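Computed from heavy atoms alone, side chains included, the values below leave out hydrogens, waters and symmetry copies. Just so we're clear, the structure is a prediction, and the values are computed from it rather than from any experiment.
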Amino acid sequence: MKVTVLGAGAWGTALAKLLVKAGHTVVLWGHDEGHLAELERSKRNERHLPGIELPAALRTESAITGAIEGADVIVAAVPSKAFREVTGVLSSFSGVVVSVTKGIERESDLTMCGVLAQTARRAQRAALSGPTFALEVARGIPTASVAASEDPFIATAVQELFHQAAFRVYTSGDLLGVELGGALKNVIAIAAGVCDGLGFGDNSKAALITRSMAEVRRLGVACGAQAETFTGLSGLGDLTVTCFSKLSRNRGFGERLGRGEKLAEVLTSMTSVAEGYPTARSAYELARKHDVMTPVIDEVYRMLYEGKNVARGLHDLMSRDSKAED
């Protein structure tokens, strides 16, 4: 198949490498023409995937219309803030579009496939999610993920597109649940990083993850997702790895805040997007809209958007009224 990957960051590049290995013809598009030229010349993406050799067959294209021409499948791997703009060129595309971006559009409360329903109306939509760090996938380290679509045939087609010995893909019909799990866990990972920055231990983080999973599930179900989805790869699996791993941008983002760095300094110094930052505001507003109690998400929002002291935020979480576990 001919596959176009939109987004030459770490995840887009890793998936492009994976798809070439599977025997597909792959074109990688990015917004930075100079970066693409260097990637094409060196067959490396040192900015986002240092030390990874890319296949000679991987082709790059800086013109998005040229990149998508003749494609059977498009993989959308651009940041959530640019997702609507970039996928706006897909209005006449009638193939399969796979979103691998984990976010919620603040203005519409839509997940990325919800955005695709407006920008790529003729396309078949799916999401690929799970505990999938780009660098590990690029190195061929065994990984499991989930392909989700409201159409079971599309979910299976995406599964077959990506599935390899070191990249196992399951399927799900709960597209909304899979996307919400992937987006909301980034907010929780920021809180987990704050715990690390403040010097808290494993007990603290285990408690945070467990209670956060309860509120992520509550919010997801209120939005129309299935509760059991949040105990799968795109929920608990992704939450766990993102909260513990040193590879996690969102956990690292929170850790720097916990150590006392200023938010503006952290944001300007990052070369890749920490999706938990914009998602914290989207999730906070979504919880208000559905009248769902989300104490961890609320505290992360207050730290990021109201300037609340991070140590005070964690203290307020722990000092809430006692209650039964739900």
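The closest side-chain donor-acceptor pair between Q159 and T171, if any, does not fall under 3.5 angstrom. Side-chain contact annotation: T294 with E215, donor-acceptor N/O pair under 3.5 Å absent. Side chains of T13 and H48: a donor-acceptor N/O pair is absent below 3.5 angstrom, by distance only. A donor and an acceptor atom, one from each side chain of S269 and R256, are located under 3.5 Å apart. In summary, the side chains of S129 and S234 do not present any donor paired with an acceptor at a separation below 3.5 Å, with no hydrogens or angles considered. N45 and H35 share a donor-acceptor pair across their side chains, judged by distance under 3.5 Å alone.
A salt bridge is absent between E136 and R139: the closest approach of a Lys/Arg side-chain nitrogen to an acidic carboxylate oxygen does not fall below 4.0 angstrom. Taking the charged nitrogens against the carboxylate oxygens, E306 and K308 have no contact shorter than 4.0 Å, which rules out a salt bridge. One finds a salt bridge joining E255 and R259 here, because a Lys/Arg side-chain nitrogen approaches an Asp/Glu carboxylate oxygen to under 4.0 Å. Under a 4.0 Å N-O distance rule, the pair R288/D298 qualifies as a salt bridge. With salt bridges taken as basic N to acidic carboxylate O contacts below 4.0 Å, one links R312 and D316.
Nearest heavy atoms, K2 versus G70: CD-O, 3.5 Å.
Although no hydrogens or angles enter the test, the distance criterion places no donor-acceptor pair under 3.5 Å between the side chain of W11 and the main chain of A134. Of the possible donor and acceptor atoms, none in the side chain of T4 sits under 3.5 Å from a partner among the backbone N and O of I74. When atom types are taken as modelled, the side chain of S108 and the backbone of R106 share no donor-acceptor pair closer than 3.5 angstrom.
More than 12 heavy atoms of other shown residues, nucleotides or ligands fall within 6.0 angstrom of atom NZ in K205. Within a 6.0 Å radius of CD in E33, other residues, nucleotides and ligands contribute 12 heavy atoms or fewer. Atom CE of M270 has more than 12 neighbouring heavy atoms from other residues, nucleotides or ligands inside a 6.0 Å radius. Within a 6.0 Å radius of CD in E150, no more than 12 heavy atoms belonging to other residues, nucleotides or ligands are found. In E285, the CD atom is crowded: over 12 heavy atoms of neighbouring residues, nucleotides or ligands sit closer than 6.0 Å.
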Could you walk me through whether F200 and V194 satisfy the side chain to side chain contact (heavy atoms under 4.5 Å, CB included) test, starting with their C-alpha distance in whole Å, then the side-chain angles of each, then the deciding distance to 0.1 Å, before giving a yes or no? CA-CA 9 Å; F200 293 176; V194 170; over 6 Å; no
I would like to know whether L6 and I64 meet side chain to side chain contact (heavy atoms under 4.5 Å, CB included); could you show each step before the answer? CA-CA 8 Å; L6 301 179; I64 194 167; 4.0 Å; yes
Step-by-step salt bridge (charged side-chain N to carboxylate O under 4.0 Å, His left out) determination, E53 to K43: CA-CA 6 Å; E53 290 281 352; K43 291 304 177 184; over 6 Å; no
Going through the distances and angles, do L239 and M213 end up as a side chain to side chain contact (heavy atoms under 4.5 Å, CB included)? CA-CA 8 Å; L239 178 67; M213 188 74 262; 3.9 Å; yes
Please test C195 against L208 for side chain to side chain contact (heavy atoms under 4.5 Å, CB included), starting from the C-alpha separation and ending with a verdict. CA-CA 9 Å; C195 287; L208 173 75; 4.1 Å; yes
Are E299 and R302 close enough, and set up right, to give a salt bridge (charged side-chain N to carboxylate O under 4.0 Å, His left out), and what steps lead you there? CA-CA 5 Å; E299 289 299 336; R302 292 179 185 121; 3.4 Å; yes
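Partners of F230 by ring pair (Phe, Tyr, Trp, His ring centres under 6.0 Å), not counting sequence neighbours: none found.
By the 6.0 Å and 45° rule, R249 does not stack over the aromatic ring of F253.
We find the OG-CZ distance between S91 and R121 to be 10.0 Å, quoted to the nearest 0.5 Å. Between atom CD1 of residue I104 and atom CD of residue E179 there is a gap of 9.5 Å, rounded to the nearest 0.5 Å. Rounding to the nearest 0.5 Å gives a distance of 12.0 Å between CD1 of I188 and OG1 of T240.
For the side-chain hydrogen bond (donor to acceptor under 3.5 Å, both in side chains) criterion with K102, the lone passing option out of D238, T279, T111 is D238.
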